[in-house]
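Comments concern the structure below.
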Amino acid sequence: MKDYIISLFNKLSEKLEYIAGLDLTFSAPAQETHGDLSTNVAMTLTKKLRKNPRQIAAEITDALDYDERIISKIEIAGPGFINFFFNPEYVASIVPVIIREGENYGRSVINNGKSAIVEFVSANPTGPLTVGHGRNAVIGDTIATMLEWTGYKVDREYYFNNAGRQMRILGESLRLRYMALCGEENEFPEEYYQGEYLVDIARSLFEREGDSLKNNEVSFFKDIAEREIFRDIENTLSNINIKMKSFFNEHSLYEDGKIEEVLKSFQEKNLSYEKEGAKWLKLTELGMEQDKVMVKSTGEPTYRLPDIAYHITKFEREYDLIVDLFGSDHAATYPDVMAALKALGYDTEKVKVLIHQFVTIMEGKEVVKMSTRKANFITLDELTEEVGRDVVRYFFIMRGISSHLNFDLQLAKKHSDENPVFYLQYAHARICSILRMADKEGLEPDDSLYRLLTAPSEITLMKKLHQFPGEILYSTSGFEPHRIANYLEELAALFHKFYTECRIIGVEKDLSSARMALAIAVQTVLKNGLGILGLSAPDRM
RNA sequence: GCCCACGUAGCUCAGCAGGAUAGAGCAACGGUUUCCUAAACCGUAGGUCACAGGUUCGAAUCCUGUCGUGGGUACCA
C-alpha cells in the first residue's frame with residue numbers, strides 16, 4: 001500500500017518541484033478516522049515555502065493523480081496531515097496474492113546474489129551453554145533467517161578459542177576429577193571449574209578406561225573436555241533448532257600464519273611498537289583513546305590480534321555483509337578491532353556489530369548471578385526441557401535486543417501456559433481446525449471472491465496482511481527481530497477478533513468460500529512468520 | 001573518573017526515521033459459550049513516559065545535565 005503512495009509522490013515531483021528529493025515519511029495513524037496512511041510533508045515544508053501547512057497540503061492533494069480503485073479518499077486534517085484512505089476492494093485483493101505466493105509471501109529479492117555471515121554464540125568450550133547464551137543464540141539465528149528472507153545467502157558461524165589459560169584450567173580440572181576416581185586424594189582448588197559436568201566426563205572416562213590414563217598430560221584431558229563439551233553445546237543448540245554452518249577455531253589462525261601476517265602488516269604500516277617486552281598497537285594514531293597490547297610480554301597474543309586476523313578471514317571469504325553478535329560484556333572490544341581493520345584497508349562498512357544486553361535471571365525476587373567457573377548457572381538445556389523449545393525461542397526474541405531483560409524462572413515455569421507464544425500458535429491451530437471442519441462440510445475456499453470481504457474486522461485484518469513483507473524488510477534492515485514477534489501478536493489478535501465477529505461456516509456459500517480464503521491467507525502469514533522466528537506452527541493444540 | 005546501553009501502568013515490556021487522545025501481555029475487577037477450539041473475545045481500573053533544562057509549530061522519541069540500574073574500562077575473552 002505504501003509503495004503505491006510513494007509512486008504517486010514520485011510522479012508528483014515532476015509537477016511540484018519542491019517535492020523532489022524530499023525525505024517522505026508515511027505512517028499508519030493511531031486512529032482509524034485518520035485514514036490508513038498519513039504523511040506530514042506539508043508541515044515539514046512550511047519553513048521552506050513560507051506558507052500555511054494546510055495550504056501546502058491542499059496544493060499537493062490537488063496535484064495528486066491517483067487511481068480511485070486503489071484510493072477511496074484523501075483528506076487534509078489537523079495541522080496539515082494528508083490522510084489516505086484505501087479502497088476496501090483493493091485491500092481485499094491481497095488475499096489471492098498471499099494464496100498464490102504461499103510460503104514465499106514475505107520474501108524479497110533485494111539482496112539476491114549477496115552473501116552474509118552471522119557470527120554468534122561463540123562461547124568458549126569451558127562448560128554447557130547457559131540461559132545467558134540463549135539470548136545470543138536465538139537472536140543470532142533469527143537475524144540469519146531474516147537476512148535469508150531478504151535474499152542473502154547466509155552462513156552461521158561459531159568462533160571459539162580452545163587455547164589459553166582458561167582452557168588449561170579446564171584440562172587440569174578434569175584431570176583432578178579423574179585422578180580422584182583413580183583413588184588419588186587431591187584438593188580441588190576454588191578457582192577451578194566446579195561444574196558437575198566435568199565430574200560426569202571424568203566418570204565416563206574412568207568407566208571406559210579404568211585408571212590407565214593416569215599418566216597423561218593436562219593437554220590430553222583438555223582435549224577430551226573440549227570434545228565432550230562441544231558435543232554438548234551442539235546438542236543444546238540443536239534442541240532449540242539452531243544449526244551452525246561452521247565452527248571457526250581461533251587456533252587455526254596461528255597454524256595458517258595469519259597472526260604473523262597481521263603483525264607484519266602493522267609493522268609495515270608503522271602502527272606497532274615494543275614497550276616493556278610487549279608489542280603494542282598504536283590505536284591513538286587511529287583516533288582511539290589509548291594504545292593497547294597485542295602481544296603480551298609472555299609471548300601470548302591478547303584477544304585483539306586473533307580477532308583482527310579472524311575478521312580478515314571474513315573479508316577474504318568475500319561476504320557482502322558481516323554480522324557480529326555480542327553480549328554487552330564484549331562491547332568494549334570491537335571498536336579497537338574495527339579501527340585496526342580499517343587501518344589495514346578493509347571496508348568496515350560491511351561489518352555490522354550488534355550488541356545485545358544481558359538477561360538478568362531472577363528466582364522470585366532474587367537475582368541469580370551466574371558463572372561458568374563457579375557452576376552456579378542454569379543451563380540452556382535445563383530451561384528448554386522445562387518450558388520447551390518454542391517458549392525459549394520466543395522469550396528471547398520478543399524484546400528489543402538493547403533492552404535489559406528480566407527472566408523470572410519461577411514465573412516461566414509456573415505460568416508457561418500464559419506465554420504469548422501460545423497465543424500465536426493458537427491462532428494458527430484455530431485456523432487449521434476451522435478449515436478441517438469446513439472441508440468436512442464440503443466447503444471450498446475461493447480467493448477470487450475477495451470482494452465479498454467487507455466487514456470492518458475483515459478489512460483491518462487484511463490491512464495487517466498487507467504489511468507483512470514491509471515489516472520483514474524494515475525489521476531486517478534495522479536488525480530488530482522482535483518486531484516480527486510484535487507484528488505476529490497483532491496479526492493474531494486481529495484474527496481472533498475476526499473470528500468472534502464473522503462466522504466462516506454457516507453463512508452464505510460464497511461468503512463462506514471468501515472467508516476460508518482469508519483464513520488461509522492469515523494461516524500462511526502466521527506460518528511464515530513463526531518460521532522466521534524458528535517456531536513451530538501447530539495444526540492443533 | 002571515563003565509555004556504552006537502559007529507566008514508559010502493580011509486574012514484564014512495545015512504541016523512539018519527532019506528529020493527532022501514550023499501548024500490549026500478565027496481575028485486579030466485571031461480562032460473553034444451545035453457535036467454526038473460551039489457550040478466545042468485550043469492558044472497568046491503572047501513567048508527572050526517572051528528574052531538570054533545551055531545540056521545535058509539535059518531544060516518550062532529538063540535545064545537555066542530574067539521579068538510578070546493568071555492562072565495560074586489564075599484558076582476561
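Each chain gets a letter, A, B and so on, in the order the sequences are listed, and its residues count up from 1.
Residue N406(A) is in sugar-phosphate contact alone, with no base atom involved, counting any heavy-atom pair closer than 4.0 Å across all strands shown. If you check every strand for non-hydrogen atoms under 4.0 Å, A331(A) touches nothing. Nucleic acid contact class of A438(A) (heavy atoms, under 4.0 Å, all strands): none. Residue L405(A) is classed as a sugar-phosphate contact, given heavy-atom separations below 4.0 Å to backbone atoms only. Residue H482(A) is in sugar-phosphate contact alone, with no base atom involved, counting any heavy-atom pair closer than 4.0 Å across all strands shown. Using a 4.0 Å heavy-atom distance criterion, S122(A) is classed as making no nucleic acid contact. The residue M43(A) sits close to a base: some heavy atom pair falls under 4.0 Å. Nucleic acid contact class of R540(A) (heavy atoms, under 4.0 Å, all strands): base. Contact annotation for P306(A): no contact, since no heavy-atom pair falls under 4.0 Å across all strands.
Classification of the Y310(A)-F248(A) ring pair by plane angle, with boundaries at 30° and 60°, yields tilted. Aromatic ring pairs are classed by plane angle as parallel below 30°, tilted from 30° to 60° and perpendicular above 60°; the pair Y273(A) and W280(A) is parallel. Below 30°, between 30° and 60°, or above 60°: for F326(A) and Y334(A) the angle between ring planes is between 30° and 60°, a tilted geometry.
With the 3.5 Å cutoff on both pairing distances, Watson-Crick and G-U pairs in RNA chain B assemble into runs of at least 3 at B:1-7 with B:67-73, B:10-13 with B:23-26, B:28-32 with B:40-44, B:50-54 with B:62-66.
In this structure, the nucleotide among G70(B), A39(B), C6(B) sitting nearest to the side chain of Q357(A) is G70(B). The F358(A) side chain lies nearest to G71(B) when the options are A20(B), G71(B), C75(B).
Only the P atoms considered, A27(B) is 41 Å distant from U73(B), to the nearest whole Å. When the P atom is compared between A52(B) and A39(B), the two are found 46 Å apart, to the nearest whole Å.
Side-chain contact, H356(A) with N136(A): a donor N or O sits under 3.5 Å from an acceptor N or O.
Toward the 5' end of RNA chain B, the nearer of the two residues R503(A) and Y423(A), judged by each one's closest nucleotide, is R503(A).
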Indicate every side-chain donor-acceptor pair of residues 504-511 of chain A with a distance under 3.5 Å to a residue at least two apart or in another chain.
| unit_1 | atom_1 | unit_2 | atom_2 | d |
| --- | --- | --- | --- | --- |
| E508(A) | OE1 | L511(A) | N | 3.2 |
| E508(A) | OE2 | D510(A) | N | 3.2 |

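A cation-pi arrangement is not found for K2(A) relative to F26(A), the charged atom failing to lie both closer than 6.0 Å to the ring centre and inside a 45° cone about the ring normal. Y499(A) carries R430(A) over the face of its six-membered ring, with the cationic atom under 6.0 Å from the centre and within 45° of the normal.
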